[in-house]
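Heads up, the thing below is written out as structure tokens.
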Protein chains: 2
Amino acid sequence: MGLTKSEIFTAQQNTIATFAKVLGHPARVAILEHLYKIKSCVCGDLVDEIGLAQPTISQHLKELKQVGLIKGTIEGTRVCYCIDDDKWITMKAVIHEFLDQDLTKNQECC
Amino acid sequence: MGLTKSEIFTAQQNTIATFAKVLGHPARVAILEHLYKIKSCVCGDLVDEIGLAQPTISQHLKELKQVGLIKGTIEGTRVCYCIDDDKWITMKAVIHEFLDQDLTKNQECC
DNA sequence: TCTATTAATCGTAATATTGCAATAAACAAA
DNA sequence: TTTGTTTATTGCAATATTACGATTAATAGA
């Protein structure tokens with residue numbers, strides 16, 4: 001079907017999945033890494049930096065913007081993209097909480 | 001195309017994306033959470049716990065198994081699934097490293 | 001052996017994702 | 001106004017994902 005049944009999961013589970021999903025493509029990982037490295041950030045730079053066509057980059061930026069991880073400011077003909085630090089911190093907290101579950105070994109089976 | 005151009009990204013970027021992708025569905029998040037809570041872990045339990053059909057759960061388990069996050073041991077007619085702690089630790093390290101990039105505010109733009 | 005139980009696989013339908021060429025939109029500068 | 005620059009949008013093709021019914025495979029137990 002290709003359609004996720006989000007209703008049957010908790011809000012937390014859906015939140016984790018939403019953040020993880022957007023990180024689930026190397027281009028978006030690369031974009032975020034690049035936005036961290038440089039201070040002034042423009043889409044054109046990203047097209048050069050990453051080896052994908054401009055519409056493709058634009059689309060990945062859109063997805064990152066939709067979950068709120070980046071924000072874009074129009075500056076003339078250019079758009080200045082940068083990471084939304086608050087959202088990044090939220091994502092970090094959500095994913096960390098999930099990943100840092102207690103590693104009590106399940107020795108009873110396996 | 002639907003086909004990710006992994007060649008143009010670094011191994012680290014691809015690794016992050018691979019782990020994130022598998023966490024990018026609430027059912028798989030729920031499965032992992034459940035496997036953490038209980039010690040003895042069986043596929044049937046998961047079908048009851050999560051509200052998806054048995055073939056669907058089986059498919060999600062397969063994806064988790066493919067990235068190595070879980071392992072299954074056959075026990076009679078049942079299969080005992082549990083988290084591969086080593087792989088979990090690897091994933092944690094990889095994702096933490098990415099998420100904990102220095103939050104040096106990009107005040108120069110935005 | 002026959003039956004029940006459990007999980008994997010197959011097949012299929014619906015939808016989503018990835019990628020890009022072509023085009024549009026928005027603005028700066030000549 | 002015209003031209004160039006930059007980013008977004010549209011439209012499309014190819015592939016991937018999600019979900020499930022039907023079936024199969026494997027084993028336990030009567």
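In what follows, chains are A, B, ... by sequence order, proteins preceding strands, each numbered from 1.
When the P atom of C:dT18 is taken as reference, atom CG of A:Leu23 falls 12 Å away, rounded to whole Å. Atom P of nucleotide D:dT7 and atom CD1 of A:Ile50 are separated by 13 Å, given to the nearest angstrom. Between the NE2 atom of B:His60 and the P atom of C:dA7 there is a distance of 16 Å, rounded to whole Å. Between the P atom of D:dG11 and the CE atom of B:Met1 lies a distance of 19 Å, rounded to the nearest Å. Atoms CG (B:Leu52) and P (D:dT17) sit 17 Å apart, rounded to a whole Å. Going from atom CD of B:Gln66 over to atom P of C:dA8 covers 12 Å, rounded to whole Å. The CD1-P distance, from B:Ile8 to C:dG19, rounds to 7 Å in whole Å. A:Ile57 places its CD1 atom 11 Å from the P atom of D:dT7, with the value rounded to the nearest Å.
Residues A:Leu3 and A:Thr56 both approach DNA chain C. Their nearest nucleotides, taken by heavy-atom distance, put A:Leu3 toward the 5′ side.
Of the candidate nucleotides C:dT6, D:dT7, D:dC20, D:dT7 has the atom nearest to the side chain of A:Arg78. Here D:dA16 is the nucleotide among D:dA19, D:dA16, C:dG19 with the atom lying nearest to any side-chain atom of B:Lys21. Considering only the side chain of A:Lys62, D:dT9 comes nearest among D:dT9, C:dG19, D:dT17.
Inter-residue side-chain proximity for B:Ile95 and B:Met91 is flagged as met; some heavy-atom pair is nearer than 4.5 Å. A:Arg28 is not listed as a side-chain neighbour of A:Val67, based on a closest heavy-atom distance of 4.5 Å or more.
B:Ser58 has no side-chain polar atom (N or O) that falls below the 4.0 Å cut-off from OP1 or OP2 of C:dA7.
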Give me, pair by pair, the N or O atoms of the protein and of nucleotides 21-30 of chain C that are less than 3.5 Å apart, along with how far apart they are.
none

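The two residues B:Leu23 and B:Val29 have their closest heavy-atom pair at O-CG2, 3.4 Å. Of all heavy-atom pairs spanning B:Leu52 and B:Ala27, the tightest one is CD1-CB, 3.8 Å.
In this structure a side-chain-to-backbone donor-acceptor pair under 3.5 Å is missing from A:Ser58 to A:Gln54.
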Donor-acceptor pairs are to be reported for all side-chain atoms of residues 2-11 of chain A against protein atoms at under 3.5 Å, with residues two or more places apart or in another chain.
unit_1, atom_1, unit_2, atom_2, d
A:Thr4, OG1, B:His25, NE2, 3.3
A:Thr10, OG1, A:Gln13, N, 3.0
A:Thr10, OG1, A:Gln13, OE1, 3.3

Both distances under 3.5 Å, Watson-Crick or G-U wobble: on that basis, could you give the dot-bracket string for DNA chain C, with [ ] for crossing pairs and | for other-strand partners? ||||||||||||||||||||||||||||||
